[in-house]
2 protein chains.
Amino acid sequence: MRHVAALAGVGIKTVSRVMNDEPGVSEATRQRVLQASRQLNYQLDMAAGSLRRSGRQTLSIGLLLPSVANPFSSEIHRALEDTLSERGIAVFAASLDDDPEREKALVAAFLGRRVDGMVLTPIGRNQAYVIPEHSRDLPMVFIDREPVGIEADAVVTDNAAGAARAAAHLVGHGHTRLAYFGDTPEIQTARERRRGFLEQLGQAGIPTSTVYVREGLRDVESARLAALAVLSSDEPPTAIFSSQNLVTFGVMRALKELGASRRVALVGFDDFALSDMMDPGITVIAQHPERIGKLAAERLLARIDGDDGAPRTYVVPSELIVRGSGELLPSY
Amino acid sequence: MRHVAALAGVGIKTVSRVMNDEPGVSEATRQRVLQASRQLNYQLDMAAGSLRRSGRQTLSIGLLLPSVANPFSSEIHRALEDTLSERGIAVFAASLDDDPEREKALVAAFLGRRVDGMVLTPIGRNQAYVIPEHSRDLPMVFIDREPVGIEADAVVTDNAAGAARAAAHLVGHGHTRLAYFGDTPEIQTARERRRGFLEQLGQAGIPTSTVYVREGLRDVESARLAALAVLSSDEPPTAIFSSQNLVTFGVMRALKELGASRRVALVGFDDFALSDMMDPGITVIAQHPERIGKLAAERLLARIDGDDGAPRTYVVPSELIVRGSGELLPSY
DNA sequence: ACATTTCGTGACAACGTTGTCTCATCGTTA
DNA sequence: TAACGATGAGACAACGTTGTCACGAAATGT
């Protein structure tokens with residue numbers, strides 16, 4: 001900036017005024033400054049600015065996702081970006097990989113960069129460790145899962161209700177022998193989905209004890225093996241609900257291997273690309289990552305702008321998408 | 001920091017020393033400072049630090065992608081993050097949406113945040129506008145496409161060679177009536193793929209004029225319609241090469257609608273999830289986004305560390321993955 | 001015993017900005 | 001003509017750090 005000032009033959013503060021479009025600069029001076037700044041290819045240093053400026057906004061926020069490469073996460077990321085970029089806010093994105101240590105380290109890294117706020121997917125059992133930051137007035141919005149041990153805004157899918165819809169759908173097509181394949185119950189969303197599914201079956205008069213429940217499935221392969229085992233048993237289920245993308249893929253593979261794709265009904269939680277190109281198309285409970293991301297961004301902006309209402313959890317409804325696999329009738 | 005110093009009853013510089021693990025502080029003082037900093041929940045302000053520090057590293061870089069939600073992009077993103085996070089470098093990610101204006105605006109936004117370097121997917125016809133920044137010594141690595149009008153490192157896939165491999169594969173299975181379905185030739189990668197495909201056919205003795213070439217396909221629907229039209233013509237091709245993910249999806253849909261999935265061979269550029277679950281599995285030329293991301297990160301780090309060798313383009317080889325659709329024999 | 005080195009520590013300026021204040025100039029009004 | 005407000009511009013301090021230097025005390029060497 002000093003250089004620009006020197007070149008334009010004005011004071012440093014005048015350059016600041018021009019760069020920030022502040023009033024009180026004559027058009028002639030203004031042009032001279034702009035000319036000089038272009039010539040020197042000068043650009044304001046935001047960091048230095050926000051250092052001095054009161055309020056100290058850095059116009060950047062931190063985003064913590066299970067993985068930036070995960071399609072569900074990256075759609076949330078995209079929606080957040082779209083909403084925030086309108087305000088000129090840049091997004092630091094990072095992947096957690098289910099590692100609570102990483103979670104803490106990344107929170108610290110973002111804090112050190114003085115982000116204006118954070119959006120995070122909690123993974124540790126307890127998020128109380130961020131209380132100091134949170135009460136220090138750093139806006140935070142949790143997504144996908146509600147935080148434990150801390151009062152903060154959260155944006156989540158109606159996991160239980162969505163799973164219940166899947167249950168009702170399958171029962172409505174006459175199924176009475178059902179199976180639940182799920183992720184580890186360590187994860188809040190997985191617990192909710194199981195609960196919603198089983199409770200709805202209970203209400204439909206299907207004893208929970210007759211439902212085959214298999215949990216702890218974290219990837220395609222484990223889900224595939226689990227499904228193969230159950231489907232080859234004496235009394236295999238006529239319908240399966242899988243609580244998550246990768247689990248759904250595993251079950252699909254098992255069904256295909258056994259040639260049972262058209263015999264055993266399947267409803268998966270989470271939509272995915274090409275689901276309609278499968279044979280049959282896969283019926284799913286779709287989440288709406290765009291809406292989650294957008295809502296999270298809006299809440300974060302509101303908090304940044306000073307909204308200090310009581311923290312709330314916002315629920316984004318899921319949606320049943322009928323494609324064929326969930327409408328197969330029971331065959332014994 | 002002043003507060004911590006006051007609480008610990010030491011000078012401000014001593015706190016700085018402790019926070020930065022600098023030597024020359026007695027263990028007793030050190031403990032007092034740590035205690036005080038914990039009590040006040042204090043965290044170093046990186047921005048202020050790098051303001052003073054010579055060299056001015058901010059430990060953050062900018063990443064410009066077509067879209068953070070695009071699976072190919074987000075895998076690159078992930079690989080970059082993994083390599084950079086080892087050095088404590090945070091990543092600003094942003095989506096371009098094929099908009100050259102956005103590209104410029106985002107570059108400016110990152111510059112204002114004084115990133116240590118940038119990784120970008122060029123979209124404008126010409127990247128000369130970043131020359132001032134680049135020569136200002138800001139490390140830059142281009143990915144996916146080579147930059148035009150500027151000398152800089154680039155990491156790309158062997159588009160032409162990959163497409164040629166697809167051509168050779170189809171010809172090797174006896175096809176002589178082929179079609180090329182591609183994205184707009186505005187895009188460098190699309191041009192390269194077309195060139196590689198056609199040149200290889202030429203070398204195999206198939207006159208280029210007999211190859212049906214359809215370009216300008218930007219989404220699933222336009223590709224589907226184009227494929228439907230060609231496949232319903234008098235002399236439909238017996239094999240199709242699609243130059244990109246979305247185009248491949250469109251062709252797949254058309255083939256399925258016409259019940260021709262097992263009759264017309266298909267090789268797509270770009271791998272995708274569940275490609276092996278299709279019927280038949282889709283043979284593809286797979287790119288390696290993880291390797292592109294990793295290599296780009298390594299090049300960027302090298303540049304940040306002062307490597308001033310001549311800019312180079314690094315080519316990451318693609319790979320033919322055989323799954324069935326590309327091995328169908330011609331049927332007339 | 002004194003000179004010299006080492007160690008722990010703090011004062012101070014500077015990094016690139018911006019908020020506050022002051023000042024000179026000029027045109028207007030009583 | 002004197003007083004005044006408006007306008008354009010710069011001097012200066014401060015933001016939270018860290019590099020440089022200086023200083024006193026203890027440890028070491030002669």
Side-chain angles (χ1 to χ4, degrees), chain A residues 1-37 40-60 88 108-116 136 138, chain B residues 1-34 36-37 40-60 88 108-116 136-138:
Chain A
M1 186 147 121
R2 15 154 48 75
H3 303 105
V4 178
L7 179 59
V10 301
I12 188 177
K13 177 69 222 222
T14 300
V15 177
S16 170
R17 276 192 267 257
V18 172
M19 300 308 288
N20 290 287
D21 271 322
E22 283 173 34
V25 184
S26 72
E27 190 53 27
T29 320
R30 178 186 175 65
Q31 286 306 328
R32 240 176 333 127
V33 171
L34 286 176
Q35 163 67 27
S37 82
L40 294 180
N41 197 247
Y42 170 73
Q43 172 120 23
L44 266 188
D45 183 329
M46 278 194 50
S50 51
L51 185 61
R52 180 59 172 88
R53 203 180 242 118
S54 57
R56 323 236 15 256
Q57 299 230 341
T58 55
L59 290 185
S60 39
F110 288 163
L111 252 32
R113 287 178 176 80
R114 295 292 185 268
V115 293
D116 295 337
R136 181 212 263 180
L138 182 69
Chain B
M1 186 147 123
R2 22 164 31 85
H3 303 106
V4 177
L7 180 59
V10 301
I12 188 177
K13 176 71 219 218
T14 299
V15 177
S16 170
R17 276 193 267 258
V18 172
M19 299 309 287
N20 290 288
D21 270 323
E22 283 172 33
V25 183
S26 73
E27 191 52 28
T29 320
R30 177 186 175 67
Q31 286 306 329
R32 238 173 336 125
V33 171
L34 286 176
S37 81
L40 295 180
N41 196 248
Y42 170 75
Q43 173 121 24
L44 264 188
D45 183 329
M46 277 193 50
S50 50
L51 185 60
R52 180 61 173 89
R53 205 180 240 117
S54 57
R56 322 233 19 252
Q57 301 232 338
T58 56
L59 289 185
S60 39
F110 288 162
L111 251 32
R113 287 177 178 79
R114 296 292 186 269
V115 294
D116 296 337
R136 181 210 261 179
D137 238 17
L138 182 69

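Letters A, B, ... are given to chains in the order of the sequence lines, protein chains preceding strands, and every chain is numbered from 1.
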Point to revise | Distance, rounded to the nearest Å, where B:R114 contributes CZ and C:dG16 contributes P | key: 9 Å
**Study point:** Between OG on residue B:S16 and CE on residue B:M19, distance to nearest 0.5 Å
**Key:** 9.0 Å
Check your understanding: Testing A:N20, A:V33, A:L7, A:V25 for side chain to side chain contact (heavy atoms under 4.5 Å, CB included) with A:V15, which one passes?
Key -> A:V33
Check your understanding: Among residues 24-32 of chain A, which residues get a heavy atom nearer than 4.0 Å to DNA chain C?
Key -> none
Exercise for review: Would you check if the side chain of A:R113 reaches a backbone N or O of A:A109 as a donor-acceptor pair within less than 3.5 Å?
Suggested key: yes
**Study point:** Whole angstrom value for the distance that separates C1' of D:dT18 from CE of B:M1
**Key:** 7 Å
Review point. Starting at CG of B:D21 and ending at P of D:dT18, how long is that distance when rounded to a whole Å?
Key: 12 Å
**Study point:** Under 3.5 Å: donor-acceptor pair, side chain of B:R17, backbone of B:E22
**Key:** no
Point to revise | Atom-to-atom span, CD of B:Q57 to P of C:dC15 - whole angstrom | key: 19 Å
**Study point:** With B:R114 via side chain to side chain contact (heavy atoms under 4.5 Å, CB included) - residues at least two apart
**Key:** A:Q43, A:D45, B:R56, B:T58
Point to revise | Nucleic acid contacts of residues 4-17 of chain A, taken as heavy-atom distances under 4.0 Å to DNA chain C | key: A:I12, A:K13, A:S16
Point to revise | Residues in side chain to side chain donor-acceptor pair (under 3.5 Å) contact with B:Q31, at least two apart in sequence or another chain | key: B:E27
Practice item. Take the C1' atoms of the five end pairs on each side of the helix from C:dA1-D:dT30 to C:dA30-D:dT1, derive the two axes, and give their angle rounded to 10 degrees. Key: 50°
Review point. Any donor-acceptor pair under 3.5 Å joining the side chain of B:R52 to the base of D:dT17?
Key: no
Below 3.5 Å is the cut-off: list the nitrogen or oxygen pairs between protein and nucleotides 22-25 of chain C, distance only.
none

Check your understanding: Is the distance from OP1 or OP2 of D:dG16 to the nearest side-chain N or O of B:R53 less than 4.0 Å?
Key -> no
